[in-house]
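Report on the following structure.
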Amino acid sequence: MAEPDRICTLEIDGKPVSVPEGTTILEAGRKLGIEIPTLCHHPALEPYGVCRVCIVEIKRGRRVRVVTACNFPVEEDGLEVSTNSERIRKDRRVVIELLLARCFSSPVIREFAARFGVIDTDLEKTDGEECILCGLCVNVCRDLIGQAAIGFESRGADRKTATPFGTPSEECIGCGACVYVCPTGCIKMEDLPEERMIDRWMSLMPCLKCRSCGKAFGSVRQLELLKNRQPLVKSYLEMCPQCRAKGLGEALVGQAVAKKEAYAG
Amino acid sequence: MPRFQDPAEISEFRRALQVGHDPHQPYVAICGGTGCLALGAAEVRHAFEEAIAKNGAEVKVRMKFTGCHGFCEKGPLVVIHPQEHLYVGVKAKDVPEILEKVVGQNGLVERLLYQDPATKERTARESDVPFYRHQKRLVFGMNGMIDPTSIDDYIRIGGYSALPKALFEMTPEQVIAEVKRAGLRGRGGGGFSAGTKWETCRKAHGNVRYVIINADEGDPGAYMDRSLLEGNPHSVLEGLIIGAYAISYGLSPVQGFIYVRHEYPLAVKYFTTAVEKAREYGLLGEDILGKDGFNFDVQISQGGGAFVCGESSALMASLEGKPGEPRAKYVHTVHKGLHNQPSNLNNVETWANVPLIVNNGADWYAAMGTEGSKGTKIFSLVGKINHTGLVEVPMGITLREIVYGIGGGIRENKQFKAVQTGGPSGGCLPESLLDLPVDFDALTKVGSMMGSGGMIVMDQDTCMVDVARYFLNFLKGESCGKCTPCREGIKQILHILDRICEGDGKDGDLQRLIDLGNAVQDTSLCALGGSAANPLLTTINYFEEEYLAHIHSKRCPAAVCRALIEYMIVAEKCTGCMACIKRCPKDGIAGVLKKPHFIDREKCIKCGICYETCNFDAVVRISVGV
């Protein structure tokens with residue numbers, strides 16, 4: 001088992017770097033200021049390793065192979081990593097082209113591809129698809145929020161993210177974490193006067209009205225969950241952010257007035 | 001029913017079984033393997049039961065309904081012991097005649113003996129038939145001798161003798177060293193050293209260890225593991241128990257699993273019976289055979305039919321009740337596998353080799369095969385050859401010996417074109433590589449692989465572009481879709497192949513396919529994607545001219561790709577029988593009785609019915625191109 005304090009030294013693009021055992025190549029690269037591109041990586045989540053744009057070439061002894069930097073743990077000294085070899089550039093270009101062909105409708109992906117000189121592709125394009133199936137929405141919902149409201153449906157080329165049986169998920173609390181982590185912005189959330197809507201999951205969540213101003217501000221179920229999970233004063237979650245700020249201002253002014261009065265007294 | 005408390009008891013029990021078994025008493029072994037069952041083995045069995053009962057012959061003749069004998073092409077198979085006379089293609093109506101000869105011990109039923117397709121010579125003894133003569137049936141050979149539901153049968157022929165030897169004469173480390181020295185490599189496709197895997201698993205840190213049988217055999221046309229589980233489940237189980245001891249004893253508790261396809265009901269049934277019997281006999285449970293503190297049992301888990309679940313990390317995810325999707329194995333499953341504990345997974349055939357190694361020693365085992373590949377390998381030999389079936393051959397045998405020696409050559413005296421080894425993601429090898437030895441490394445070197453042992457032989461009428469398309473289509477359907485290159489890359493490759501087969505290939509397609517194939521191979525998450533490009537890249541490598549003919553001349557040299565062919569009637573051969581005219585669904589053939597017919601190209605939908613119907617080879621497929 002990994003001893004927490006062991007330090008491993010490796011070389012990335014010819015530059016040596018020492019990191020604690022178990023550090024990923026991606027993190028080790030960042031320490032050196034070498035930015036390895038990623039799409040499905042999020043610092044709050046365990047690496048899923050599926051988009052494959054973070055591929056690097058590693059050399060251990062005589063064995064050379066391609067691995068993903070986001071989840072390859074450095075466990076010994078002497079690893080030689082190349083983030084931009086000819087093989088990697090060629091492979092990465094194909095992976096990016098595959099993503100571009102899938103998500104030609106996504107401005108984010110087109111811009112991402114353009115950074116690597118891939119402006120267009122002659123591969124078969126899919127119309128209207130903006131999801132790259134990075135899995136961040138599914139993983140954040142299950143692993144961080146603990147709801148598992150969404151998952152994957154079908155397999156292979158038919159794989160997609162979905163709610164159970166294509167109906168609104170009973171588990172969705174309308175927290176918007178999936179919206180926040182989505183790298184292509186293909187999950188949209190909208191706060192209507194009374195409800196919060198996440199179209200992609202057919203979620204329509206009633207919102208709580210601010211105790212102070214009466215304006216709807218957050219999904220009731222999300223706030224319930226937060227109440228149980230965060231050590232916050234109950235009243236804090238019953239007000240909208242604006243009223244919270246106002247309340248805090250009032251309290252501060254009140255304190256200052258009281259202090260002054262005390263001196264005067 | 002015995003419950004063995006120590007190794008001496010099982011030896012005594014075996015001796016008693018052997019004494020009660022007169023080797024000279026005739027017995028009829030009916031193959032009950034999947035192939036023979038499909039050809040009517042159950043009726044043959046029933047006929048034997050009836051005939052034996054009617055003749056009151058049971059005292060003299062015993063009958064066994066065994067597992068697969070391998071020569072599936074010629075089923076149902078019946079072997080008469082002790083002479084080992086083999087009858088092929090036996091029907092229920094043949095049974096009284098066979099039985100009469102057996103009881104009277106007066107000769108053979110000549111017409112049911114195997115007949116050589118070329119020389120017309122008949123062979124009586126099973127081991128003299130060319131199909132069997134070139135084989136070395138160490139693992140598979142026991143199938144024909146035992147009733148797979150009888151633990152006593154297995155014990156009688158020497159089964160469960162390796163287990164006490166391992167438990168009481170060897171330390172776990174010695175068992176591992178023996179398996180390692182034997183050079184046993186994983187038979188499921190990976191080809192990794194089994195002994196090294198066991199050793200790593202033993203040295204890994206964990207609260208519990210898992211040993212797993214991978215019986216999620218999913219290659220189209222391959223059924224080696226199925227036939228082992230259906231024919232000799234105890235050999236696999238014994239291997240697993242020995243492995244459990246070697247990997248865990250003295251360190252941690254251990255639990256066994258078998259992950260077996262739901263589509264293999266008979267294998268599930270027989271393996272379940274084997275586990276139950278082993279429990280009754282004290283071969284599973286607590287303090288096995290009286291070995292202090294060695295507690296082990298096996299749980300049977302059925303897969304839902306996903307090809308990718310044969311991949312170890314996907315299989316373990318599925319065992320945990322999660323979707324069967326692989327994960328990166330930079331941290332190996334022997335360290336963190338099932339439930340994040342050290343887990344040792346081996347294929348059915350690998351486990352079945354273990355008792356042989358323990359009983360006969362590493363030297364004996366390592367004496368067979370090549371430098372890097374030891375022992376034997378079971379192949380599922382199918383396609384355009386005369387003798388299809390399951391064959392077990394020593395490593396190092398050439399592909400030519402398998403195709404021609406055992407397989408009896410190509411059907412209808414056609415030309416050999418390619419052999420695909422290693423299942424759907426194996427490579428297609430041409431005639432010039434037929435003298436290649438069957439060896440893990442040699443096969444990988446030429447772009448193919450040993451895989452789990454699928455072997456498909458193709459003849460001159462096979463279009464290699466179409467073959468690549470067929471396998472890529474299979475893999476597209478079986479990809480889990482988790483990673484980009486496998487999900488999107490296979491789809492795009494297939495799209496280009498479809499275009500080429502439709503006659504819409506264009507300049508640059510070939511290089512595009514190679515680049516896509518290389519990237520999918522390099523960057524996929526698991527071995528499914530990692531090997532998916534093999535059929536594509538090998539067919540381009542060895543049959544490039546066929547691709548070029550499709551792309552540039554819009555011609556399919558094997559006349560297979562529908563968009564590139566025409567059906568024609570050769571006037572000289574046509575007898576004017578009108579059979580094709582009657583069956584054409586489009587009224588697309590014109591002609592009158594006893595005069596040559598003609599196909600109207602405008603009406604022809606290229607369904608091929610006329611081609612299949614004509615008894616005079618007058619209908620031909622041609623691909624002229626542009």
Side-chain angles (χ1 to χ4, degrees), chain A residues 1-2 22 24-25 39-40 46-58 65-75 87-88 90-103 121-126 129 132-135 138 142 151-160, chain B residues 203-206 306-309 314 322-332 335-336 342 473-496 498-499 506 508-509 512 514-526 528-530 532:
Chain A
M1 200 164 290
T24 64
I25 292 178
L39 279 173
C40 74
E46 284 290 305
Y48 195 45
V50 300
C51 74
R52 317 307 279 180
V53 300
C54 73
I55 45 167
V56 294
E57 210 174 350
I58 61 165
R65 60 185 179 134
V66 174
V67 300
T68 38
C70 70
N71 59 357
F72 189 92
V74 181
E75 282 175 329
R87 183 181 182 188
I88 289 300
K90 223 172 155 180
D91 282 346
R92 188 177 283 145
R93 196 187 161 88
V94 173
V95 172
I96 288 170
E97 251 194 278
L98 291 171
L99 287 170
L100 184 67
R102 176 188 172 85
C103 293
T121 174
D122 60 352
L123 297 175
E124 194 193 26
K125 290 173 190 149
T126 311
E129 182 61 78
I132 55 165
L133 292 169
C134 68
V138 173
R142 187 192 55 224
F152 290 108
E153 187 189 288
S154 301
R155 67 178 182 213
D158 300 326
R159 184 180 175 95
K160 60 180 180 191
Chain B
K203 285 182 178 164
H205 297 267
F307 180 72
V308 73
C309 283
K322 296 174 184 159
E325 286 169 9
R327 60 157 178 83
K329 289 196 285 186
Y330 303 140
V331 177
H332 294 296
H335 289 289
K336 284 186 176 187
N473 189 42
F474 172 82
L475 293 165
K476 179 186 163 220
E478 294 299 338
S479 161
C480 76
K482 187 173 174 178
C483 75
T484 308
C486 181
R487 180 188 65 237
E488 306 293 331
I490 294 176
K491 189 177 90 178
Q492 296 288 356
I493 289 172
L494 195 59
H495 180 68
I496 298 175
D498 278 340
R499 248 195 319 101
K506 54 182 196 232
D509 273 350
R512 191 68 165 139
I514 293 169
D515 290 345
L516 280 169
N518 284 333
V520 170
Q521 201 163 52
D522 261 3
T523 63
S524 286
L525 193 160
C526 82
L528 193 157

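Order of the sequence lines fixes the chain letters, A, B, ..., with proteins taken first and strands second; residue numbering starts at 1 for each chain. Just so we're clear, the structure is a prediction, and the values are computed from it rather than from any experiment.
In this structure, no portion of R92(A) lies under 4.5 Å from any heavy atom of chain B. If you measure heavy-atom distances from T121(A) to chain B, the contacts under 4.5 Å come from the side chain alone. If you measure heavy-atom distances from E325(B) to chain A, the contacts under 4.5 Å come from the side chain alone. For I88(A), no part lies near chain B; criterion is any non-hydrogen pair under 4.5 Å. Heavy-atom distances place the side chain of R159(A), and not its backbone, under 4.5 Å from chain B. Only the side chain of I55(A) has a heavy atom closer than 4.5 Å to any heavy atom of chain B. Using a 4.5 Å cut-off between heavy atoms, V67(A) contacts chain B through both its backbone and its side chain. Within the 4.5 angstrom heavy-atom criterion, no atom of A204(B) approaches chain A. Residue contact with chain B, scored on non-hydrogen atoms closer than 4.5 Å, involves the side chain of T126(A) exclusively. Looking at V331(B), the atoms closer than 4.5 Å to chain A (heavy atoms on both sides) all sit in the side chain, from C-beta outward.
Although no hydrogens or angles enter the test, the distance criterion places no donor-acceptor pair under 3.5 Å between the side chain of D515(B) and the main chain of R512(B). For the pair R155(A) (side chain) and E478(B) (backbone), a donor-acceptor distance under 3.5 Å is absent.
The environment of NZ in K476(B) is sparse: at most 12 heavy-atom neighbours from other residues, nucleotides or ligands sit within 6.0 Å.
Ranked by heavy-atom pairs under 4.5 Å with chain A, the first of D522(B), N518(B), V520(B) is D522(B). Contact count against chain B (heavy-atom pairs under 4.5 Å) is highest for L123(A) among V95(A), L123(A), L99(A), V94(A).
Separation of atoms OG (S524(B)) and NZ (K482(B)) is listed at 13.0 Å; rounding is to 0.5 Å.
Contact annotation: the side chain of C40(A) approaches that of V50(A) to within less than 4.5 Å [non-hydrogen atoms, C-beta and beyond].
Under a 4.0 Å N-O distance rule, the pair E124(A)/R499(B) does not qualify as a salt bridge. Salt bridge annotation for R327(B)-E46(A): absent, with no cationic side-chain nitrogen under 4.0 angstrom from a carboxylate oxygen.
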Determine, stepwise, if the pair T484(B) / R102(A) fulfils side chain to side chain contact (heavy atoms under 4.5 Å, CB included). CA-CA 10 Å; T484(B) 308; R102(A) 176 188 172 85; over 6 Å; no
